[in-house]
Amino acid sequence: MLRVDKSLHRSLGLTDEEANVINEILGRQANPLELAMYSVMWSEHCSYKSSRLHLKRLPTEAPWVLVGPGENAGVVDVGDEIAVAIRIESHNHPSAIEPYQGAATGVGGILRDIFTMGARPIALMDPLRFGPLDDPRSQWIAEGVVSGVSGYGNAVGVPTVGGETVFDSTYKENPLVNVLCLGILPTDRLVLGQASGIGNLAVLLGNSTGRDGIGGVSVLASAGFSEEDDSAKRPSVQVGDPYEEKRLIEACLALLDEKLVIGIQDLGGAGLTCATSETASRGGVGMDVDISAIPCRELGMEPYEIMTSESQERMLAIVEPKNLKRVLEISNQWEVQASVIGKVTNGDSLRILSEAEGEVLADIPASSLHDDAPLYDRPKKKPELHQGLSGDELNPPVNVTNDLLNLLCDPSWVYKQYDHQLFLNTVVGPGDDATVLRLKHPVNGKETGRGLAITTDGNHRWCLVNPKIGTAMIVAEAVLNLACVGARPLAVVNCLNFGNPEHPEVMWQLSEAIDGMSDACVSFGVPVIGGNVSLYNESEGNNIAPTPVIGMLGLIDDLENRPPGAQMAEGDRLLLIGPETSGLGGSLWAANHGAIYGELPELDLEMHLKVAETIRTLVGTKLIRGVHDLSEGGLGVALAEMAAKSSVGVSIARTPNHQALFGEGPSRAVVAVDPESLTDVLTLCEERGVPVVRLGLATGNQFKIKDMMDVSLSDLKAAFINKLPNTFGVGTSNQ
Amino acid sequence: MDVAEAVSSLGASSKLLWHGDENIHGVDSIVIPGGFAHGDYLRPGAIARFSPVMKAVTQFALEGGPVVGICNGFQVLTEAGLLPGALQKNRGLKFVCEPATLRVETTESILTNKAAVGGNLHIPINHFEGNYTCNKETLKELQEENRIVLRYVNNPNGSIDDIAGVCNKNRNVVGLMPHPERACNELLGSTDGQVLFQSLLAA
């Protein structure tokens with residue numbers, strides 16, 4: 001038995017068993033630098049050691065998939081010699097500690113994942129989840145996170161075109177900050193993060209390496225929060241510099257355009273350790289790294305600090321010696337620092353040297369940092385039957401009007417702080433069912449006449465009630481959101497935000513959610529091309545409600561006109577398209593009344609596809625004036641949002657009870673139809689075998705539901721628009 | 001790049017000038033676009049105004065050449081002293097990206113010679129430091145000399161006298177915070193920016 005220095009490996013987050021395995025791999029006792037390198041690479045964040053086993057069950061293939069999970073981003077072919085790279089990631093833990101920088105560097109990191117693939121980042125989305133709106137600390141986190149996304153995203157020059165904003169007590173102390181980025185590239189520019197060619201050079205581009213973000217992935221993102229030690233984690237949060245990133249993007253894309261690099265990899269979680277070992281092991285080669293050649297921000301940095309620092313805005317490029325001169329010229333033009341820090345070697349060893357040909361400080365089989373990372377089949381256990389109230393057991397509302405107004409929340413306070421129009425692509429921006437971007441060729445700017453659509457969706461209430469069906473419902477909702485802008489789905493990326501995997505209930509939730517996602521994606525024929533798992537989202541021993549978030553990319557084959565959006569006009573007929581469903585389990589209304597358990601409404605995947613296809617056809621044929629899918633808050637919220645956005649009241653005849661108003665059954669959308677098109681729309685639904693109900697009409701200045709409510713449009717709009725400004729301050733005087 | 005696309009959609013050609021270049025390569029008019037030059041570090045436009053290319057731009061402007069600064073470009077022009085006043089943080093102390101309605105106040109400028117006085121234009125804004133300010137004397141001068149080119153119909157950022165854009169005494173240098181290049185395509189929601197670029201191309 002090899003001796004293990006218990007205090008060191010444990011303080012680095014490695015278990016005794018993991019430390020023993022490391023010593024067995026090396027055939028000797030690992031030194032402190034080596035232990036530090038293993039600790040970051042074998043962290044939950046980098047190794048997916050608790051989730052890898054389950055992620056294998058997701059469908060990942062389709063003829064249009066060019067790159068699936070495992071690379072820096074997924075890539076799909078969208079025709080016209082254009083490919084789309086997409087990825088979603090979490091920056092939950094850093095944002096809980098330091099909201100502005102946590103969110104800002106989340107944006108920076110996801111951008112690098114995209115341009116690493118040779119793609120120009122053209123859009124960001126940010127699904128955000130915070131604690132309750134009336135909690136001052138959650139307000140502080142929310143303001144900081146939104147400012148961080150705004151500050152970094154706007155300055156780096158990539159528009160933030162959508163996302164989500166959710167407030168719920170489950171995220172108190174542990175907010176979820178997920179960031180998605182989408183980029184486009186000419187299909188022939190696709191590059192992978194791998195090294196090859198013995199003697200080729202490893203060139204570090206961008207920022208100097210500092211003491212920020214040391215051990216971010218292992219210290220921060222792979223453990224929960226507790227009361228006493230959180231401020232001590234602040235040095236583990238990185239600091240962002242968007243102007244450096246902007247120049248780095250341009251320099252890297254220029255290098256790729258001239259085909260000057262063999263492989264390129266961004267430095268994110270686990271910093272240089274990850275970038276050097278991943279490029280080497282993917283290419284089946286070794287690498288010598290000269291630690292003295294790495295530009296450092298301060299004197300006296302220890303090798304372990306340099307190798308695990310998560311300083312931002314850095315990239316590692318593998319370059320043939322004959323191209324080095326040109327690489328340095330391009331870097332110089334963009335004022336990006338470039339240094340040769342190592343070279344590709346024969347064999348499998350990642351060696352860290354004190355100087356070129358100097359003392360060997362670490363010598364590790366590069367692939368062991370990835371391939372030999374622990375893989376855990378952690379115990380799973382279905383939670384005990386929930387003792388809490390079901391939404392269906394609640395009494396009917398005392399004041400249904402107030403209940404509805406309380407559910408409304410216009411997120412524009414958030415997205416007005418984001419540049420969402422740069423690059424002149426944004427046809428439908430944030431705030432609608434899905435975002436629509438013009439699809440132009442990334443190099444020659446040629447228009448294709450087609451569009452990309454993108455949506456992010458998550459719903460922790462559904463997933464708490466039933467993680468499997470709840471996750472399938474999220475995928476279904478994304479498909480319907482895309483249909484509402486006329487798009488068909490192409491690919492999914494996921495961000496799985498869960499609690500502590502060492503709790504069997506959490507592992508059960510994760511496993512169920514993956515099964516639900518898999519079922520739905522298989523049914524809809526949509527591959528999962530990448531993702532991120534964020535575990536240990538807990539605070540003081542309480543796990544967050546399971547929160548899988550997905551980003552779904554879609555394609556609009558003919559983008560001649562702007563999609564209708566949630567509009568309606570005086571005299572329009574309002575129809576509810578989709579199956580009748582019942583039940584308040586997992587609904588927002590029930591949660592607001594303290595009932596978070598129960599049963600989810602039924603999801604019929606086949607019917608869902610029919611509904612989505614019908615809606616997509618209706619949008620494409622311009623038979624409808626407006627459309628809005630039913631989601632949080634059900635029919636009531638969908639109608640109220642349509643009324644608020646188009647400044648027209650409604651008169652609804654048929655709504656039997658509050659279940660029908662607030663239930664969140666899937667596969668449904670409201671459409672507004674000009675009376676002249678009504679017959680055509682009804683006929684089309686009948687032909688497709690899709691149920692349709694006539695709700696009433698759009699008219700006047702009152703929001704009226706027969707025998708249930710009658711509220712003025714101005715009160716309704718005020719409730720919708722003012723919720724966030726009343727909490728955070730207006731931000732703009734143009735309300 | 002966005003401005004180049006908008007201009008080319010009107011049938012004109014454009015070229016990009018590099019900030020380190022000391023030459024403007026014989027162009028007919030110059031647009032300094034928006035976009036966080038030098039990260040807006042220190043203060044928007046405060047570093048960019050020392051870019052080598054700004055010497056040539058200043059020379060061009062003093063010789064009567066048409067120069068437009070959009071958003072960050074407006075900030076650069078005020079920092080460079082080619083336009084009066086300054087842009088400070090928005091009244092709400094937040095970045096604001098939203099549609100704005102502008103009123104054309106004069107057609108006597110290189111950016112509005114083809115527009116109609118009193119006409120409303122729907123053009124988005126996108127800035128943190130767009131709150132135009134100047135001293136009383138300057139404001140009086142701008143008003144009396146009819147140099148306020150565009151005003152906000154609903155002031156979104158606290159700008160003095162609702163100012164969205166101003167010009168210099170010679171009326172050949174115009175700065176505005178809104179982004180006309182974002183309003184040149186029906187698919188993107190508005191084509192009201194076209195008339196401004198058409199004016200510039202005719203200047």
Side-chain angles (χ1 to χ4, degrees), chain A residues 120 143 146-147 149-157 159-161 240-247 333-335 412-431 436-438 440 445 447 449 451 559-563 565 725 728-735, chain B residues 1-6 8-9 18-20 33-42 44 47-48 71-72 89-101 123-128 130-131 152-159 162 178-190 193:
Chain A
R120 174 171 287 282
E143 277 215 271
V146 171
S147 305
V149 173
S150 164
Y152 199 102
N154 297 350
V156 77
T160 301
V161 299
D241 176 352
Y243 184 51
E244 178 80 39
E245 179 106 334
K246 171 69 181 163
R247 288 181 280 117
Q333 192 205 345
W334 291 103
E335 297 171 35
S412 65
W413 178 87
V414 174
Y415 65 72
K416 275 182 184 173
Q417 296 183 49
Y418 306 149
D419 181 349
H420 47 263
Q421 298 173 317
L422 191 71
F423 301 145
L424 309 183
N425 293 325
T426 312
V427 177
V428 178
V436 175
L437 304 174
R438 285 198 291 168
K440 293 182 296 202
E447 288 198 51
L559 185 62
E560 201 185 317
N561 299 95
R562 290 157 68 79
F728 296 107
V730 284
T732 166
S733 44
N734 200 7
Q735 294 288 335
Chain B
M1 300 288 279
D2 289 359
V3 173
E5 181 180 327
S8 78
S9 74
W18 182 252
H19 71 96
F36 290 85
H38 300 273
D40 274 359
Y41 295 160
L42 184 59
I47 301 174
C71 195
N72 200 204
K89 277 195 166 42
N90 297 339
R91 184 168 52 194
L93 297 179
K94 295 271 184 244
F95 191 98
V96 179
C97 176
E98 65 182 9
T101 305
I123 296 179
I125 57 166
N126 183 67
H127 55 244
F128 203 147
N131 177 353
Y152 299 108
V153 173
N154 291 306
N155 191 334
N157 54 24
S159 287
D162 299 332
H179 285 264
E181 78 279 10
R182 296 184 176 192
C184 287
N185 186 320
E186 200 57 63
L187 260 184
L188 305 180
S190 171

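Numbered from 1 within each chain, the chains take letters A, B, ... in sequence-line order. Just so you know, these numbers use all the heavy atoms, side chains as well, and skip hydrogens, waters and symmetry mates.
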Need one label for D2(B): side chain, backbone, both or neither, based on atoms under 4.5 Å from any heavy atom in chain A. both
Check whether any side-chain heavy atom of L424(A) sits under 4.5 Å from a side-chain heavy atom of R182(B), and report yes or no. yes
Checking heavy atoms, do the side chain of N185(B), its backbone, both or neither come under 4.5 Å from chain A? side chain
So, the part of E335(A) with a heavy atom under 4.5 Å from chain B: the answer is side chain
Relative to chain B, which of V427(A), V156(A), N154(A), N425(A) shows the most heavy atom pairs under 4.5 Å? N154(A)
What pair of heavy atoms forms the shortest contact from E186(B) to R562(A), and how long is it? O-CD, 3.4 Å
Taking the side chain as C-beta and beyond, is there a heavy-atom pair between L188(B) and R438(A) under 4.5 Å? yes
Which answer fits Y418(A), side chain, backbone, both or neither, if we ask what part of it has an atom under 4.5 Å from a heavy atom of chain B? backbone
Could you grab the distance from atom NZ of K94(B) to atom CD of Q417(A), nearest 0.5 Å is fine? 5.0 Å
Which of the residues G35(B), C184(B), G189(B), G34(B) is involved in the greatest number of heavy-atom pairs with chain A at under 4.5 angstrom? G189(B)
How close do S150(A) and F95(B) get, counting heavy atoms only, and between which atoms? OG-CB, 3.7 Å
Sub-4.5 Å side-chain heavy-atom contact between W18(B) and Q333(A): yes
If I take atom CD from residue E447(A) and atom CD from residue E5(B), how far apart are they, to the nearest 0.5 angstrom? 6.5 Å
Highest number of heavy-atom pairs under 4.5 Å with chain B among N561(A), V146(A), D241(A) belongs to D241(A)
